[in-house]
Amino acid sequence: MLHQVWVDVQHTLFGTDEAEGSRLAVGASAGMLLATIGAFLFAPAAALPALAGFVIITTIGWVTYQGAIARLLTLLATVLTVLTVFLITVFLFVSALPAFTEHGSGLLLLPAESGEPRWFFWLEAVLPTAETFWNPLSGAYSLIPAIWATVIVTFIAGAVAIPLGLFGALFIAEVADDRLREIIKPGVEVLAGIPSIVYGFIGFAVLNSFIQGSFLDDGASFLIAGIVVGIMALPTIVSVGEDALSSVPDAMGDGAVAMGATEWQKMKSISIPAAFSGISAAVILGLGRAIGETMAVAAIMAAGVGFADPLFDVFDASATLTSLIAVNYGSASESTLDVLFVAGVMLFVIVAGMSIVSQYIERQMKQKLKGQS
Amino acid sequence: MSEAYAHDTALVTEGSTSYDRLVDGAIALSIVAFATTLLALVELVPLGTAGATLGNYFLTLFVAVSGGVGLTAGASWANVVSVTSQRVRGVAGGLLVATGGLTAVAYLTTVTLATLLGFVLIGQALIIGGAGISSRLDIIDTEPDASAGLLAGGAFAVIGAAIGGALGGTVIGFDSIAWLVFPIVVGVGLAVLTIVPREDLGSTIPVGLVVGTLGVVVATAAIGVGWQWNPETLDGGFTGGVVIPLFAAFGALISAWAAAKCRAGFGAPGREYGAFLIINLNALLMVVTMVSIVLFVLTRGATYATRGLTTSALTLLVLLVPLLALATEFARSRVGGGEWNRTVRLVTQIAPLATLGAVAAVITTVLITGNPIEYGFNYQILQNRNLIPRETAITITPNPEVGAVILAVVASVMWIALFRNYGSLRNVGAAFPRAESVRQLVPVAVAGMAALIGGVLLVGPTPAGVPLGSVVGVGVVAAGTLAAVGLAALPVAGVATTNGSIADRTQASAPLFTLGVFGGLAVLTAALLLQPVTGHTPGIAGVDLVAVGALFATLACGLAAGVSAYARRTTTETLQDRLLGEETILGLTGAAGFIALLGLHVLATGSGFTVLGVSVTTEGTLSWPMILQPYIPLGAEPGGIMPAVVGTVWLVIGATLFAVPLGIGAAVFLTEYAEQGRFTAVVEIATNALWSTPSIVFGLFGAAFIIPRLGGNESLLAGMLVLGFMLLPLVLITSRESIKAVPDEYRDASAALGVSQWETIKSVVLPAAMPGVITGGILGIGRIAGETAPLILVLGSTLNATESVNVLQGFQFVAEPPFIINDQLLAASASLPTQVWAVIAAGVSGSPQMGWASAAILLSVVLTFYAIGITARTYFRRKLNYE
C-alpha cells in the first residue's frame, strides 16, 4: 500500500526519466520548495532564504536537466491552480458556517427576528405587509426577499435573452455567409466584453428618468434591471448556442437538403433537434450569468431589501443576492458579514451547479453526435 | 430537384411581377416602421412629432436609405459585391419607395407619428389580407400547403388571448369572472382561423386581423400619446409612449413575416423566407443595439474626456509613423477577391496610405506656418451640485517639440517591427578582413562596459582613490559614443570606398551593414547604461555627447537605408533586389534603434536636447488633463482620473503576471504529462465552473481571505490577486484547448526524430499553440480590466483620488523578514471601474460628466483589448489556413 503510494509519487514527480542526476535535481528542487512552504507557515523569517534556495537550485536544474525541471514546474503550476480552486470553495463554505449555525434554516426558509422565528412569514410575504426582512440593527436577517428579487430579474432577463439569443445563434450558425459571420461573431464577443459597470452607469444616468416618464414609476425597477441583465446575458447564449448548432455534422443537414428540404426545414427538423441539448446548455449558462450579474443591478436598483408587493410587481425594486453583497459589504457588522457569506455560497453553488450541468449536457451531446457522423 | 428550387432560380432570372413589387413594398414598409418604432421608444423621434419635423426625420431616413442602396448598387456594378437576388433588389427598391412616400405624407399632412404608424399598420393589414385572398382565388400563382400548421396556430392563439384579454379588460374590467371569456374566445377563434383554412388564407387573414386591430387602436388614438394605464396594485404603469411603439413594432414584425410568406408563394419556400426575414431582422437588431450602446457611451463621455487635449504637431507626426508603416504594409498586400474590379481594388488598397499622408501633410503645415489648429467646444463641470458650462479646445500647437517618452516608445515599436521584418544578410557581400576583427572587438567592448557598471555599483565610484566613476567612466562613455558613431557610419563608408555599380557596391558592403547597425546599437546601449552610473554626462559646449552621437548615428543609418533603396531602384536582378531590400530594412532598423536610444538618453539625464530648433523634451508635449492629471480639489479646472488609470494598469499587470504563467504551466502539465482520466476531467469541470462563478463571489473570497493576510487593509495587491484568480480559469481553459488542437502528428514526428518530450513541447507544441493562448489571454485581460464587483470589496472605491500609486518606487529593502516591502502595493488605489462606481455611489454629489468620461475611457480600454485579441486571432487563423 505504502509502496504503491511511493511509486505513484515518484511517477508523478519524475515521469519516466530514470537518470540519476535528473532525479537528484527534481528531488532537491521539490524538497526545497516544501521547505519554503514549511518555513512560510511556521517560521516566516526563513521563508525568503528558502525561496532563494529553491530559485537557485531550480535554475541550476534548468540548465542541467531542463526537461525534468520543466515538468516539475508545470506540476507545481497545476498543484497551485487546483489548490486555488479548492481554497476558494472551502473557504467560502467555512466562512458561511457561523451564519448557518446561528440562524439555521431561518435565513432561507423561515426568517427570525431578534431570535424569534416569524411563524407567519410566508403568509406575510403573500399578503401586503410593511414588515422589514432585512434590518441588521434589529437582528432581522432573511435572504428570501433577495432570492425572490434574483428570481424575478433572472426571469425577465431570460424572457429577453433566450428568444433573441436563439435567433442570433441560428443566424450566425446557419443563415449568415462566411464574410458576415466574420463580422458578427466578433461583434457578439465585443458585446460580451462591455463592462457591467458601463451598463450600470447607463442605467443609473439615463434609464431612471426614462422610466419615470414612460412607466410612471418613481425609480428603477425589476423590469429595467431585468432587461439590461438580459442584454448582458445575450452574448453567452448566442455564442454557446452557436457552438452547439455548428457542432452538428454537416452530413446530417446535407442529407436533408439533398432530399429537397429548404434551409429552414433543415434547421427546424435537423439542426435544432440535434443541437437541442447544446442549446439548453447555452440557456442554462446564460441564466447563470444573469444570476451572477452584480454591478448593473446594484447601479440600477439602489434599493433596500423587501418583497415585491404583490409578488409579481415588476415595477417594485429590491436588492438581489449579488447586489446585496456589493452594497452592504463595506458597512457590514460581523454577523451581517456571515449572512453575506451565506448569500455568496448560495450564488456559488447555484451558478457552479448550472455550469456543471450544462457541461454535462454538452458532453453528452458531443458524444452522441460523434457516434452519428 | 424539387419544384421549390426551380421556383427559386426562376425568380432570379425573370423580372418580378407587380404583385411581387407590392409585397416587397410591404416588407420594406415593415422594416421602416420597425426601425421608426425603436427610435420612438427611446424618444429620439417623439410620437407626437408632426408636419415638417416629422418630414425632416423621414427625409433623413430617405437620404440614408438612398445612400445605402446607391452605394450597394455601385459596389454591385463594380463587381465588389454581387447582388443578384430579385428579393433583395425588390426590398431595396421598396425601402426607397416607402421612405420617399412617408416623407411626402409627413410634409403634406399634419398627422402625428403615432397616427401615421397606425395608418401604416392598417395599410399593411390590407395588403397582406389582399395577397392572401388573391392567392386563394388563384389570381396569382402560389403553392400553399393545406394548413399554416399547429405552430403558427399556437402562436396566434397566444396573441389572440392577449388581445382578447386587453379588450375584455377595457370593456368590462379585469375584476369580473366574465372577463375570462374574452381571451378564450378571441384566442381560440384566431387559432381556428389559422389552422383550418388553406395556408395562404391561414397565414394572412389572422395577421391582417391582428395588425389591423392594432392599427385601428393606434390610428384612432384609442391609445394615444397621452394615454396612461396605472393599475393600483402595481408600483408603475404604462403610457402611450411605450405601448404604441411596442404595438407598432410587434405589428411590423408579424406583417413582415406574413408578407415574406406571400412573396415566396407560401409552402416550404414561403416559410423559409418568413423565418429568415425574422432571423435577419433579429441579427440586425442585435448589431444595432451593440453599436448604439458603444457609440452612446463614447459620445456622452467625449467632451469631458478630451477637454484641454493639447499636443504639439511634431508629437503627432511621431505618433503617425507606426500608422504610416501599417498603411504601407496594407498597401503592399492584395485586398479583395479576384472578381473585384481592378480600379476598386487599387483604390481600396492605397486609400489608408493616402489618407494618412494627407493628415501628415496638414500637421506639417502647422509646423511650418506656425498657426495652431484649434477645435473649441463646451463641457460641464460640477460645482456646488450645479453643472456649469466651460469653454475648452482641442489644440495642435506648432511647437517643434516631442516628448522623450513618446519618441522612445514609438521608436522602440518601430525597431521591433522592422527587426521582425528583417530576414538575414549572413554570407552576403565581400569579406572585409578588418571588419572581422572589429566584429570580435564589439562584444569585448560591451562586456567591458558591463563589467565597469557592475564594478562601480559594487565598490562605489572611487575605490582606493581611483576615479573609476568619474574620469574613467566618462572617458569610456565618450569613447563608446564615438565608436558607435563610427560603426554606424561603416555602411555608407563601405559603399563609398568600393568599386563597381552602386547596386554591386551596396551589396558587397552587406557585412558592414550588419556590423554597423548591430554593433553600433550594442555599443551605444552599453554607453547609455554606463552614463548614469558614472554620475556625469559628458558633453561639449552644453550639448550632450551621447545625444549628438545618437543623432549622427541615426543620420548615418538613414543615409545607408537611402543609399540601398536608391541602389535597389537601379538593379533588375531579382536576388539582388531582395538583398538590397533587406539592407534598406536593416538601415531603417538602425535609425529607429538610435532614435529610441536618443529618447532614452533624454529620459535618463532629465535634460532636453535641441538641434536646429527641433527639441526632444522631458516635459510632456502632450497635455491630456483627463488622463494625465489627478483630481484637483477646489480648482477652477477639475483635473482628471490619472490615479484610476494608473491603478487599472497595475491591476492588469499584476493579474497577468500571476495568472498567465500559472495557467499555461498547468495547461501544459494537464495536457502533455498527466494521464487523461478522471483527474484531468475533474480539473476541467472545476475550472469551467470557476470561470462562470459570479465575480462578486471572488470579491468575497478576496475580502475575507486575502486582505487579513496582507495587513487588513483594502490594497492593490489584493485586487491583483483576486483578478488573477478570475483570469486563471480562462487562461487554463484556452491554453488547454489550443494545446489540444495541435495535431498529434507534430508530436509523433518530433518523437520519431529522437527529440525528448520537453524539447518537443518547447519547440513544437507551444509555438503551434501560442496564437490561441495569446488571443485567449488578451480577451481574458480585457474582461478583467472592466471587472468591478470584486474590486469594490478588495480595493475600495474612492471618488476623486488625488494621488496615484507609485509601485516602482515603493519597493524597499529592509533588514528583517520579509526583506522586501512595498507599501504602495499594500495601499488602496483607485481604478477605472471603481471610479465609475464611486460616481454612482456618490449620488447627486458625483459629477455625471466625470462619470460618462470615465465610463467612455474604461470602455475604450476594454474594447482595445478585445480589438487586439480578435485581430490577432483572425490574423493567425488566416495564416494557418493559407500558408
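Throughout, a chain's letter reflects where its sequence line sits, starting with A, and its residues are numbered from 1. Please read all numbers here as calculations on a predicted model, not as lab measurements.
Looking at B/Ala703, both its backbone and its side chain come within 4.5 Å of chain A, counting heavy atoms on both sides. Heavy atoms of A/Phe171 lying under 4.5 Å from chain B belong to its backbone as well as its side chain. Looking at A/Ile184, only its side chain comes within 4.5 Å of chain B, counting heavy atoms on both sides. Contact annotation for B/Leu728: only side-chain heavy atoms (C-beta onward) come within less than 4.5 Å of a heavy atom of chain A. Heavy-atom distances place the side chain of B/Leu690, and not its backbone, under 4.5 Å from chain A. For A/Tyr199, the part lying under 4.5 angstrom from a heavy atom of chain B is the side chain only. Interface residue B/Leu732: only side-chain heavy atoms are found under 4.5 Å from chain A. Contact annotation for A/Leu87: both backbone and side-chain heavy atoms come within less than 4.5 Å of a heavy atom of chain B. Using a 4.5 Å cut-off between heavy atoms, B/Leu779 contacts chain A through its side chain alone, with no backbone atom that close. Only the side chain of A/Val238 comes within less than 4.5 Å of a heavy atom in chain B; its backbone stays farther off. Residue A/Glu182 touches chain B through its side chain alone, counting heavy-atom pairs closer than 4.5 Å. For A/Glu189, the parts lying near chain B are the backbone and the side chain together; criterion is any non-hydrogen pair under 4.5 Å. For A/Phe201, the parts sitting under 4.5 Å from any heavy atom of chain B are the backbone and the side chain alike. Contact of B/Ile840 with chain A is made through backbone and side chain together, with heavy-atom distances under 4.5 Å. Using a 4.5 Å cut-off between heavy atoms, B/Arg271 contacts chain A through both its backbone and its side chain. At a 4.5 Å heavy-atom cutoff, B/Glu672 makes no contact with chain A through either its backbone or its side chain. With a threshold of 4.5 angstrom between heavy atoms, B/Ser854 does not approach chain A through any atom at all. In this structure, the portions of A/Thr81 lying under 4.5 Å from any heavy atom of chain B include both its backbone and its side chain. For A/Thr322, the parts lying under 4.5 angstrom from a heavy atom of chain B are both the backbone and the side chain. With a 4.5 Å cut-off on non-hydrogen atoms, A/Leu73 does not touch chain B at all.
For the pair A/Phe348 and A/Phe341, the minimum side-chain heavy-atom distance is 4.5 Å or more. Side-chain contact between B/Val683 and B/Leu670 is present, with heavy atoms from C-beta onward closer than 4.5 Å. Between B/Ile792 and A/Met295, some side-chain heavy-atom pair lies under the 4.5 Å cut-off. With contacts defined as side-chain heavy-atom distances shorter than 4.5 Å, the pair A/Ile291/A/Leu347 qualifies. Side-chain contact between B/Thr693 and A/Val351 is absent, with no heavy atoms from C-beta onward closer than 4.5 Å. Using a 4.5 Å heavy-atom cutoff, the side chains of A/Val175 and A/Met267 are in contact. B/Ile870 has its side chain within reach of A/Val190: a pair of non-hydrogen atoms, C-beta onward, lies under 4.5 Å apart. Residues A/Trp264 and B/Tyr273 form no side-chain contact, since every pair of their non-hydrogen atoms from C-beta on lies 4.5 Å or further apart.
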query: Given the rule in the side chain to side chain contact (heavy atoms under 4.5 Å, CB included) test, do B/Ile664 and B/Val731 qualify, once you have shown the distances and angles that lead to the verdict?
result: CA-CA 7 Å; B/Ile664 296 180; B/Val731 174; 4.1 Å; yes

- request: Test ring pair (Phe, Tyr, Trp, His ring centres under 6.0 Å) on B/Trp852 and B/Phe296 and set out the steps.
  value: CA-CA 10 Å; B/Trp852 281 117; B/Phe296 182 70; 5.5 Å; yes

Working for side chain to side chain contact (heavy atoms under 4.5 Å, CB included), residues B/Ile706 and B/Val794: CA-CA 9 Å; B/Ile706 298 175; B/Val794 299; over 6 Å; no

Report all side-chain donor-acceptor pairs from residues 352-359 of chain A shorter than 3.5 Å, counting only partners two or more places apart or in another chain.
from     : atom 1 : to       : atom 2 : distance (Å)
A/Ser355 : OG     : A/Gln359 : NE2    : 3.2
A/Ser355 : OG     : B/Ser692 : OG     : 3.4
A/Ser358 : OG     : A/Ser355 : O      : 3.0
A/Gln359 : OE1    : B/Asn688 : ND2    : 3.2
A/Gln359 : NE2    : B/Ile685 : O      : 3.4

Under 3.5 Å, which donor-acceptor pairs do the side chains of residues 280-287 of chain B form with other protein atoms, sequence neighbours left out?
from     : atom 1 : to       : atom 2 : distance (Å)
B/Asn280 : ND2    : B/Phe276 : O      : 3.0
B/Asn282 : ND2    : A/Leu164 : O      : 3.2

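The greatest number of non-hydrogen atom pairs below 4.5 Å with chain A, out of B/Ala855, B/Pro790, B/Ala275, is found for B/Ala275. The greatest number of non-hydrogen atom pairs below 4.5 Å with chain A, out of B/Gly786, B/Gly665, B/Ala867, is found for B/Gly665. The choice from B/Leu863, B/Leu700, B/Val682 that makes the most heavy-atom pairs within less than 4.5 Å of chain A is B/Leu700. Taking A/Ala205, A/Gly193, A/Gly200 one by one and counting their heavy-atom pairs under 4.5 Å with chain B, the maximum is reached by A/Gly193. The choice from B/Gly851, B/Pro848, B/Gly663 that makes the most heavy-atom pairs within less than 4.5 Å of chain A is B/Gly851. Considering only heavy-atom pairs separated by less than 4.5 Å from chain A, the leading option among B/Val862, B/Val668, B/Val297 is B/Val862. In terms of heavy-atom pairs under 4.5 Å with chain B, the best-connected choice from A/Ala326, A/Ser323, A/Ala77 is A/Ala77. By number of non-hydrogen pairs under 4.5 angstrom with chain A, the leading residue of B/Gly274, B/Ala704, B/Ala686 is B/Ala704. Of the listed residues (A/Leu80, A/Thr294, A/Ile172), the greatest number of heavy-atom pairs within a distance under 4.5 Å of chain B belongs to A/Thr294.
How far CD of A/Glu174 is from CD of A/Glu263: 7.5 Å, rounded to the nearest 0.5 Å. How far CG of A/Leu321 is from CG of A/Leu340: 10.0 Å, rounded to the nearest 0.5 Å.
B/Leu151 CG: 12 or fewer foreign heavy atoms inside a 6.0 Å radius.
Remark: aromatic rings of B/Phe725 and B/Phe698 are distant, center separation not under 6.0 Å.
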